[in-house]
Novice: 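Here it is, the structure in full.
Worth knowing before you read on, the calculation uses all heavy atoms, side chains too, and leaves out hydrogens, waters and symmetry mates.
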Amino acid sequence: MTDQEMWKLFMSKEHLQDVKYEAWAFGGDPDGLAQLVLDGIKTGTASAYPLYELKNEPLPEAGSYSVILDSKNEAVCMIQTTKVYVVPFNQVSKEHAYKEGEGDRSLSYWARVHEDFFSTCMSEAGKSFEKNMLVVCEEFKVVFRE
């Protein structure tokens, strides 16, 4: 199913009009992370704030909708963002790390994996990762799945 098809089903089911959404896949392991969302384990994500600035993109907002895609760009589910906040990488909380649902759900695991991921993303953008780099933390809930 495409993101547009899922969005139309959701809009029809919820009787919504004139609501926008974004479609995207998680970085690193799109299929595995999407499965964690479907399993109710992953209820948070984080992204590098400097990349929003570089691309002049707005930050996610509470109440916004996203269709989560797998590695084949097929729609997996729809989420609604419930909370967004920005903190330095080295101040991300153990609670947020747990909500991300990856590995053993510890802050040390989260920091190790995300330092590697953010270092790659920043390098590709011609920037470097720093431990005090701002991170956009997002919490969400699944609102629709096939």
Side-chain angles (χ1 to χ4, degrees), residues 1-89 91-93 95-105 107 109-130 133-146:
M1 169 181 300
T2 68
D3 60 292
Q4 296 95 347
E5 291 168 336
M6 181 172 278
W7 182 246
K8 285 179 185 175
L9 282 173
F10 176 72
M11 292 284 283
S12 174
K13 177 182 172 269
E14 296 296 322
H15 308 290
L16 297 175
Q17 295 179 4
D18 300 324
V19 178
K20 297 188 188 299
Y21 76 98
E22 290 191 38
W24 49 272
F26 290 104
D29 179 15
D31 297 332
L33 297 175
Q35 188 61 53
L36 290 175
V37 172
L38 289 175
D39 293 342
I41 296 168
K42 183 171 184 63
T43 60
T45 192
S47 49
Y49 181 84
L51 298 179
Y52 286 94
E53 288 183 314
L54 188 66
K55 297 175 184 177
N56 200 25
E57 290 183 5
L59 296 180
E61 294 182 9
S64 63
Y65 294 97
S66 296
V67 174
I68 301 301
L69 304 173
D70 64 16
S71 62
K72 297 174 186 159
N73 281 335
E74 294 182 11
V76 174
C77 66
M78 181 167 305
I79 61 170
Q80 184 175 30
T81 300
T82 57
K83 184 177 181 179
V84 178
Y85 56 98
V86 179
V87 297
F89 178 87
Q91 292 180 25
V92 169
S93 69
E95 291 80 15
H96 183 79
Y98 185 83
K99 289 176 183 178
E100 289 224 21
E102 300 170 41
D104 65 3
R105 301 179 85 172
L107 181 56
Y109 179 89
W110 181 92
R112 185 175 66 256
V113 169
H114 283 78
E115 181 173 343
D116 290 345
F117 179 71
F118 289 151
S119 292
T120 300
C121 293
M122 296 296 287
S123 177
E124 289 171 356
K127 303 246 180 211
S128 60
F129 170 81
E130 297 178 16
M133 176 187 83
L134 294 178
V135 173
V136 180
C137 295
E138 186 176 349
E139 297 177 17
F140 55 82
K141 62 182 177 181
V142 174
V143 293
F144 186 77
R145 60 192 295 170
E146 195 177 14

Novice: So, taking the atom named CZ in F26 and the one named CG in D70, what distance separates them when rounded to the nearest 0.5 Å?
Specialist: 12.0 Å
Novice: Measure centre to centre between the rings of W110 and F89, then say whether the value is under 6.0 Å.
Specialist: yes
Novice: Of the non-hydrogen atoms in S119 and F129, which two are nearest, and what is the gap between them?
Specialist: OG-CB, 3.4 Å
Novice: Apply side chain to side chain donor-acceptor pair (under 3.5 Å) to D31 and list each qualifying residue two or more places apart in sequence or on a separate chain.
Specialist: S71
Novice: Is there a side-chain contact between V76 and V37 in this structure, where contact means two heavy atoms from C-beta onward sitting under 4.5 Å apart?
Specialist: no
Novice: Considering non-hydrogen atoms only, spot the tightest contact between A97 and L107 and give its length.
Specialist: CB-CA, 3.7 Å
Novice: By the side-chain hydrogen bond (donor to acceptor under 3.5 Å, both in side chains) test, which pairs, at least two apart or in different chains, include something from residues 48-58?
Specialist: S47-Y52
Novice: Short question: side chain of E5, backbone of T2 - any donor-acceptor pair under 3.5 Å?
Specialist: yes
Novice: Salt-bridge test for E100 and K42: reply yes if a basic N is under 4.0 Å from a carboxylate O, no otherwise.
Specialist: yes
Novice: Any side-chain heavy-atom pair from M133 and K127 closer than 4.5 angstrom?
Specialist: no
Novice: Supply the atom-to-atom distance Y85 OH to L59 CG, rounded to the nearest 0.5 angstrom.
Specialist: 13.5 Å
Novice: Nearest 0.5 Å, what's the CE-SG distance between M1 and C77?
Specialist: 12.0 Å
Novice: Side-chain polar contacts of residues 7-21 - donor-acceptor pairs under 3.5 angstrom, sequence neighbours left out - could you list them?
Specialist:
residue, atom, partner, partner atom, Å
Y21, OH, D3, OD2, 2.7

Novice: Output side-chain donor-acceptor pairs under 3.5 Å for residues 134-146, partner residues at least two apart or in another chain, one line each.
Specialist:
residue, atom, partner, partner atom, Å
E138, OE2, T81, OG1, 2.7
E139, OE1, K99, NZ, 3.2
E139, OE2, K99, NZ, 3.3
R145, NH1, L38, O, 2.9

Novice: Quick check: are there more than 12 heavy atoms from other residues, nucleotides or ligands sitting under 6.0 Å from CD of E22?
Specialist: no
Novice: Would you be so kind as to tabulate the donor-acceptor pairs closer than 3.5 Å made by side chains of residues 62-69, with sequence neighbours excluded?
Specialist:
residue, atom, partner, partner atom, Å
S64, OG, E61, O, 2.7
Y65, OH, Q80, NE2, 3.4
S66, OG, W24, NE1, 2.9

Novice: Could you report the tightest heavy-atom contact between M78 and M6, atom names first, then the distance?
Specialist: N-SD, 3.9 Å
Novice: Of all residues at least two apart in sequence or in a different chain, which pass the side chain to side chain donor-acceptor pair (under 3.5 Å) check with E130?
Specialist: none
Novice: Find the distance between NE2 (H96) and NZ (K83) and round it off to the nearest 0.5 Å.
Specialist: 10.0 Å
Novice: Just how far is it from atom CG of L33 to atom CD1 of I41, taken to the nearest 0.5 Å?
Specialist: 11.0 Å
